Amino acid sequence: MRETFNFNNNWIFENSEVCLPHSAVELPFNYFDENIYQKEFIYEKIIKSEASWDNKEVCLVFEAIMANAHVYLNDKKIVSHTDGYTPFIARLTDELEKGENILRVKIDGSENPSIPPFGGRIDYLTYAGIYRDVHLRVTSPIFIHNIKIETPNVLEEKKSLKVRVELLNPKALDLSGFLTANLLNSEGKILSTTKYEINENYIFFEINNLKNIKLWDIDNPSLYELDISVETPHGIDNINERFGFRSAEFNKNGFMLNGNSLKIRGLNRHQSYPYVGYALGKSAQHKDAEILKFDLRVNLVRTSHYPQSKHFLNRCDEIGLLVFEEIPGWQHLGDKNWQNKSIENVQNMIERDWNHPSIILWGVRINESPDNHDFYLKTNQVAHQLDSTRQTGGVRKFVEGEFLEDVYTMNDFILGEEELGGNRGRIPLRPQRECTGFNYDVPYIVTEFNGHMFPTKSYDNELRQNEHVLRHLEVLNAAYGDSNNAGAIGWCAFDYNTHKDFGSGDRICYHGVMDMFREPKFASYVYSSQDDAKNGIVLEPVTVWARGERNIQGVLPLIILTNCDYIEFLFNKNEEKFAVEPDFKNFPNLPHPPIIVNAEHFPENVFGTWGTDWQNVKIDGYTDGKLVKSKKFVADPVPTNLEIVPDLEEVSVGTDVRVIIRALDQVGNKMRYLYDTLSINVSGQVILFGPNSIPLVAGSAGFWIRSIGSGIIKISIKNVRFPQKEISIFAK
Ligand code: GAL
């Protein structure tokens, strides 16, 4: 049977012991020189060979290295891999000596212009390091290399599977034996067992007449497993592959999941984090998917602009978050060799990820690159040959680009262009025909909007936050109202570090609806408030509730992002009440238009004027006539509680945990303008990523820790405005 060992620990890097995922250079939060990691690094590790590995295949599986990796065993080169986003294998069979062997991995973090995405300027950083997991895999000499599972007729009552198993037989041994396929449901119950005789590397089979199969969808992401074992005279190999039954199709009227139309409301995600760049592991990858699904409550994520961690994709499968996955690249096209690398990227991405039910579209064009007929004909062809079940997209921002894909995927940054002049006024999105240049409709989706058109920091003032919110609302409203548009994917979920040529000069693009720690800006509630109230009530007024924060004074117009039916304002110890309904007039297409409170909603100026008493308020949200949520603001906020919230309180060793700290006032609101320093002290078997003294920014701060041994991890936070506070996390 196959054995897989975690190979993340005890690496030697620059004379210290480190564990993976690892970033070669820990960066400051911002204002750094992005060239500091753009050089060569060496990682080393001792491998002790085991007698039980004799006559077996022994391989190292590198999930990703950034970039240009060369793997040596006892000074002999085993393999090289240039691409920084896809996995590769170092075959150690017949190379291992008895006892200790030295494994050396040389990497080069420089932006090698011969590999995508490099050669031009890119608006993100790629960091350097062995930033994903490594496993050691020991199998029988004939082993399963890959499995492809297709579910052809999911909308029929009796369902089928079409399976292709690829075996590798590097020693060209006699190949004969049996393959056994068990189909299991998510409770582990075997639904069918089939057995086939085998004598070739590729094995094709079908399983038909499957009854009572549950479809995978975003509300009920039912998963199944195909457990495949291959038995030859040389041993047994076994793989468990997860998949789902679902159909996904973009057509000229939008997007259909399992035959039902679904408007896509999505966000783009970069896989980067503060300080450690790409190098956070499974738990952090899972958490990002959960934040998108359960906090931002979007139904799709675009992996801009490269294949992301399989942990992230696995979690998307489990929780029902659709994915548009892309090859690495950004605007620049290199020469023929570069393009061939990109074609390889298409292949590597699809062959790694074709069984994820969450993935509904392959991005096979370098993001926002110019047309290139031959190259893009090829990327599309390769994608279709490898996977005939999914459509392709090719993200562009120029209008009337050549359309070689199945879905016209358009970055529409028209909103904000009115500031550049022209007489069109303010338009949230263009109709698809204006972008495609065709006089007929095609499958179409907006893959980016806003972003650099209106960068907004979490600590920007309330008027700017309002405008940020409005722009996201207007675009979503337009997308919801356009039956020729499958939906809209905003730029972007999280702020991200970038090159000096982009962003705010401090190496950050403040384009997220959340900050780099994944703390929400107001605009994040634009997304969550569109989700059904049954999944959770959202009631978020876009204000710090102060007399003098805005120009002139007051808080009007006050946007309240909510999925409630209406709200009531309660002033003066609840003696004065005013009800306000959603703004159906300006946002008729949104599932949940915002409630926008204006002076006309009040019989008189209840807020008073400059120089009069500013007062507390309570805002009650009602759904189906019932009070479902209240939000209070005090007129005199003072620091009252320092909240420390870890994402997990019990972890296994090797888990990355985000910790968020919030400075709260008497009614639990974040104190957005409290700029104090927090001192972090961690004890136990733990690594703290980033500095141990950090500022509160917009009322919160965050960091990640990694558990590196079992026992209690204690985290205590000191700050002059609050009593010292401590929390514990248990690692086992
Ligand atoms: C797009 C690009 C993104 C990001 C965004 C900022 O053109 O695809 O990666 O740079 O602009 O708004």
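Model, not experiment: these values are computed from the prediction. Just so you know, ligand 1 is whichever comes first in the structure, and atom 1 is the first atom listed for that ligand. What's counted below: heavy atoms across the whole structure, side chains too, no hydrogens, waters or symmetry copies.
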J.: Pick out which of Phe255, Phe324, Trp362, Tyr444 makes a ring pair (Phe, Tyr, Trp, His ring centres under 6.0 Å) with Phe250.
T.: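 Running ring pair (Phe, Tyr, Trp, His ring centres under 6.0 Å) over Phe255, Phe324, Trp362, Tyr444 with Phe250 returns exactly one hit, Phe255.
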J.: Check whether NZ of the Lys or CZ of the Arg Arg507 lies under 6.0 Å from the centre of the six-membered ring of Tyr496 and within 45 degrees of that ring's axis.
T.: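 No; the conditions do not both hold, so Arg507 does not lie above the ring face of Tyr496.
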J.: Suppose I only count heavy atoms of His305 and a 4.0 Å limit; which atoms of ligand 1 are within that range?
T.: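 The atoms of ligand 1 under 4.0 Å from a heavy atom of His305 are 3 (C), 8 (O), 9 (O).
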J.: Under 4.0 Å from a heavy atom of Gly451: give me the atoms of ligand 1 that qualify, with their elements.
T.: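 Per the distance check, 12 (O).
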J.: Checking ring pair (Phe, Tyr, Trp, His ring centres under 6.0 Å) against Tyr278, which of Tyr306, Phe312, Tyr124, Tyr37 comes through?
T.: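 Checked Tyr306, Phe312, Tyr124, Tyr37 against Tyr278; only one passes ring pair (Phe, Tyr, Trp, His ring centres under 6.0 Å): Tyr306.
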J.: Heavy-atom contacts under 4.0 Å between Asn268 and ligand 1: side chain, backbone, both, or neither?
T.: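 For Asn268, no heavy atom sits under 4.0 Å from ligand 1.
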J.: His22 and Tyr131: ring pair (Phe, Tyr, Trp, His ring centres under 6.0 Å), yes or no, with the steps?
T.: CA-CA 5 Å; His22 184 259; Tyr131 75 91; over 10 Å; no
J.: Using the six-membered ring of Tyr408, assess whether NZ or CZ of Arg365 lies under 6.0 Å from its centre and within 45 degrees of the ring axis.
T.: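 Checked: cation-pi criterion not met.
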J.: May I ask you to list the atoms of ligand 1 that are less than 4.0 angstrom from any heavy atom of Asn411?
T.: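 By the 4.0 Å cutoff, the relevant atoms are 8 (O).
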J.: In terms of the angle between their ring planes, are His468 and His472 parallel, tilted or perpendicular, with boundaries placed at 30° and 60°?
T.: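 Geometry flag for His472 against His468: perpendicular rings.
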J.: Can you list the ligand 1 atoms lying under 4.0 Å from a non-hydrogen atom of Asn367?
T.: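 Selected atoms, number and element: 2 (C), 8 (O).
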J.: Indicate, as side chain, backbone, both or neither, the part of Met453 found under 4.0 angstrom from ligand 1 when only non-hydrogen atoms are considered.
T.: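 Met453 to ligand 1: no contact under 4.0 Å from either part.
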J.: Does any N or O atom in Asn450 lie less than 3.5 angstrom from one in ligand 1, N or O only?
T.: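 N/O-N/O distance under 3.5 Å: no.
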J.: Going by heavy atoms, is Tyr124 under 4.0 Å from ligand 1?
T.: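 In this structure, Tyr124 fails to qualify as a contact of ligand 1 - no heavy atom is under 4.0 Å.
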J.: Among protein heavy atoms, which lies nearest atom 5 (C) of ligand 1, and at what distance?
T.: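 I find the closest protein heavy atom is Glu448 OE1, 3.5 Å.
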J.: Taking only heavy atoms of Phe413 into account, list the atoms of ligand 1 that are under 4.0 Å away from them.
T.: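 In order of numbering, the contacting atoms are 1 (C), 7 (O), 11 (O), 12 (O).
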J.: Which is closest to atom 4 (C) of ligand 1 by heavy-atom distance: Val395, Thr498, Asp123?
T.: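 Ranked by closest heavy atom to atom 4 (C) of ligand 1, first place is Asp123.
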J.: What class does the angle between the rings of Phe449 and Tyr527 fall in, given that below 30° is parallel, 30 to 60° is tilted and above 60° is perpendicular?
T.: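 Parallel, since the angle between the ring planes stays under 30°.
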J.: Decide salt bridge (charged side-chain N to carboxylate O under 4.0 Å, His left out) for Glu467 and Arg464; before the verdict, give the C-alpha distance in whole Å, the side-chain angles of both, and the deciding distance to 0.1 Å.
T.: CA-CA 5 Å; Glu467 176 62 17; Arg464 192 168 183 94; over 6 Å; no
J.: Residue-level breakdown please: for Phe502 versus ligand 1, do any non-hydrogen atoms fall below 4.0 Å on the side chain, on the backbone, on both, or on neither?
T.: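 Contact part for Phe502 vs ligand 1: neither.
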J.: So is there a nitrogen or oxygen of His452 less than 3.5 Å from a nitrogen or oxygen in ligand 1?
T.: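 Right, the criterion is met.
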J.: With a cut-off of 4.0 Å, which atoms of ligand 1 are near a heavy atom of His511?
T.: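 Heavy-atom distances to His511 below 4.0 Å select 6 (C), 12 (O).
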J.: If you draw a 6.0 Å radius around CZ in Arg121, do more than 12 non-hydrogen atoms from other residues or ligands fall strictly inside?
T.: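 No, the 6.0 Å shell around CZ holds no more than 12 heavy atoms from other groups.
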